[in-house]
There are 2 protein chains.
Amino acid sequence: MHIRKLAIGPSPAPSGGVIVPLEIPEVVIDRLPTYYRLLSRLQEEGSTVVSSQELGQALNVTPAQIRKDLSYFGRFGKQGRGYSVERLTEELRLILGLTRRWRMVLVGAGHLGRAIASYRGFEPQGFDIVAAYDIYPDESGELLGIPVRDVANLEADLAADPVDIGIVAVPAGQAQAVVDRLVRVGVSAILNYAPIAAQVPPHIEVRQIDPVLALQGMTYHLQHRALSATAPTATTAPTAPVATPAPAPVTP
Amino acid sequence: MHIRKLAIGPSPAPSGGVIVPLEIPEVVIDRLPTYYRLLSRLQEEGSTVVSSQELGQALNVTPAQIRKDLSYFGRFGKQGRGYSVERLTEELRLILGLTRRWRMVLVGAGHLGRAIASYRGFEPQGFDIVAAYDIYPDESGELLGIPVRDVANLEADLAADPVDIGIVAVPAGQAQAVVDRLVRVGVSAILNYAPIAAQVPPHIEVRQIDPVLALQGMTYHLQHRALSATAPTATTAPTAPVATPAPAPVTP
DNA sequence: TAGATTGTTAATCGATTAACAATC
DNA sequence: TAGATTGTTAATCGATTAACAATC
């Protein structure tokens, strides 16, 4: 069901002048931003070279995986030395499309939307929220410097002045409708903060931001760790251990 | 490098009273919260039964995967009918450890920390932020009903009154030190909003929340989609297509 | 040069999926 | 009963890793 690889990537080893489109696994692409983030920091800190070993240690990834991932895009290292921090940072900027700025609209200017609008992390990385939309736009018509307009204007505004990415921050009940409207009006990617699995056509990118899902993935482990700690032996454990209430798992 | 499976899971088919610890892949566990979220909504909407087919359609996952995932934990469905929404919701609550509330502390009460503190999505799902910490606690000593204390008190407070989960919302430069302190004082899980790959001992859970990483995974695709749309044929594409500046990818 | 580290291949490991008997 | 759908097996597919020749 997942689309795993895409065939529109560049050639890893351009030979003979003909581009060989190579399938680049989606998991690889999703790791590149973490590589880029670390390299940016290393560059700021003044490092000039770094090995896959060092990168791997800092990112909890095997050195082999880092080398393999990078090899999909080219040969950026030097045997015996490692990678130039400056060079590799720049290559990743190019690969990830971070040499331009990206325009985003925010739909939903309630509690969550306001928190997103106030987030300081987007702008320095090249992402601009150019407008926000709500069913009940504040009469001020403005939110931290971003114009807030009635969502009824969404289609007309974006037709006149397109954006690349839509951010969805409306309640679950309205989220799919908002996604549909954003897609119809031409955004190519959606950052979804609403607690739904958004349905989109094949070539629209979607990423979900949901801290509750992340927490629930962790509580599974916390509970089961606690259970296994209290179960004296495997044979005396209850038949349906999942159903057993867990004691508090934390003690200093 | 990734720990893939864990052996502390329950038996999938308890036979003969002896628990057979089965390895449950981490990817499976990370899908369960999305199943739970959908089922909760179906229950609210009054559905009584649902098939793996219907669940799969709503979640963009194959029905086979849903059945396989659930089969790690037991046999919850009825052939010819599907799953009882009520039953399956409850089973997932038990599996994920959501029958109790989880205590969290928030470290960092700046812009980001305040946005996290104001997020309305934690409490209804059983997650409570019981205290916040900052180097410069506001003289009010309070933030939306949550006590804000000097981070110097972190160790003493948590020793007296342990929590399960630490939320990290400090600048990158201080984040690893905060993670270390939280781990030392006994939290079992960390929700990391800081832009670093946190280093933790083996049995501490970490999840990263970073919308910029999500965006950068999408811009890769947006850029390359635009590139392949403009490249007339494969053979005339540039030798290093990754380095070619991309035109604006969106047009309605 | 000797030492180190890349890029890449091949082997291993793990996850997904198709298919179907069991059964409601 | 006939129809539908689960639970599970086996096959397929894909990702990770170890290992090493190439080479800086």
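In what follows, chains are A, B, ... by sequence order, proteins preceding strands, each numbered from 1.
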From CA spacing to verdict: side chain to side chain contact (heavy atoms under 4.5 Å, CB included), A:L112, A:V170
CA-CA 8 Å; A:L112 180 55; A:V170 299; over 6 Å; no
Might you work through the salt bridge (Lys or Arg N to Asp or Glu O under 4.0 Å) test for A:E90 and A:R87, ending with a clear yes or no?
CA-CA 5 Å; A:E90 186 56 20; A:R87 163 96 195 278; over 6 Å; no
Can you pull every protein N or O that's under 3.5 Å from an N or O on nucleotides 18-21 of chain C?
residue	atom	partner	partner atom	Å
C:dA19	N6	B:R67	NH2	3.2

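Of the residues in residues 40-55 of chain B, those lying under 4.0 Å from DNA chain D by heavy-atom distance are B:S51, B:S52. A heavy-atom distance below 4.0 Å to DNA chain C is reached by these residues of residues 80-90 of chain A, ordered by number: A:G80, A:R81, A:G82, A:Y83.
Remark: the backbone N or O of B:Q176 is not paired with any side-chain donor or acceptor of B:Q199 at under 3.5 angstrom. Distance alone, capped at 3.5 Å, is enough to place a donor-acceptor pair between the B:W102 side chain and the B:G97 backbone. Under a 3.5 Å cut-off, the side chain of A:S40 and the backbone N or O of A:Y36 do form a donor-acceptor pair. Looking at A:D180, its side chain never comes within 3.5 Å of a backbone N or O of A:R184 through a donor-acceptor pair.
With sequence neighbours left out, the side chain to side chain contact (heavy atoms under 4.5 Å, CB included) criterion links B:P124 to no other residue. Take A:Q57 and apply the side chain to side chain contact (heavy atoms under 4.5 Å, CB included) test, not counting sequence neighbours, and it matches A:Q53. Applying the salt bridge (Lys or Arg N to Asp or Glu O under 4.0 Å) test to B:R81 and every residue at least two apart in sequence or in another chain returns nothing. Legend: residues meeting salt bridge (Lys or Arg N to Asp or Glu O under 4.0 Å) with B:E45, ordered by chain and number and at least two apart, are B:R41. Remark: B:T48 engages no residue in a side chain to side chain contact (heavy atoms under 4.5 Å, CB included) (not counting sequence neighbours). Take B:Y119 and apply the ring-ring contact (aromatic ring centres under 6.0 Å, His included) test, not counting sequence neighbours, and it matches B:F122.
Mapping A:D69 and A:K78 onto DNA chain D via the closest heavy atom, the residue that lands nearer the 5' end is A:D69.
Within the structure, every pair that satisfies the salt bridge (Lys or Arg N to Asp or Glu O under 4.0 Å) test and touches residues 53-71 of chain A, not counting sequence neighbours, is listed here: A:R31-A:D69. For residues 203-223 of chain B, the salt bridge (Lys or Arg N to Asp or Glu O under 4.0 Å) pairs, not counting sequence neighbours, are A:R37-B:D210, A:R225-B:E205, B:E26-B:R207, B:D30-B:R207, B:E205-B:R207.
Here the C1' atom of nucleotide C:dC13 and the CD atom of A:Q65 are 13 Å apart, to the nearest Å. In this structure, the CG atom of A:L32 is 15 Å from the C1' atom of D:dA15, given to the nearest Å. For the pair A:I66 CD1 and D:dT17 P, the interatomic distance rounds to 11 Å; values are reported in whole Å. Distance, A:E26 CD to D:dC13 C1': 17 Å, rounded to whole Å. Atom-to-atom, CG of B:L70 to C1' of D:dT5 comes out at 13 Å; the value is rounded to the nearest Å. For the pair B:F76 CZ and D:dT5 C1', the interatomic distance rounds to 17 Å; values are reported in whole Å. Here C:dT6 presents its C1' atom at 16 Å from OH of A:Y72, a figure rounded to the nearest Å. Taking atom CG on B:D30 and atom P on C:dA15, their separation rounds to 12 Å, with Å as the unit.
Side-chain nitrogen and oxygen atoms of B:R31 include none within less than 4.0 Å of the OP1 or OP2 phosphate oxygen of C:dA15.
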Any chance you could encode DNA chain D as dot-bracket? Rule is Watson-Crick or G-U wobble with both distances under 3.5 Å; [ ] for pairs crossing earlier ones, | for another strand.
..||||||||||||||||||||||
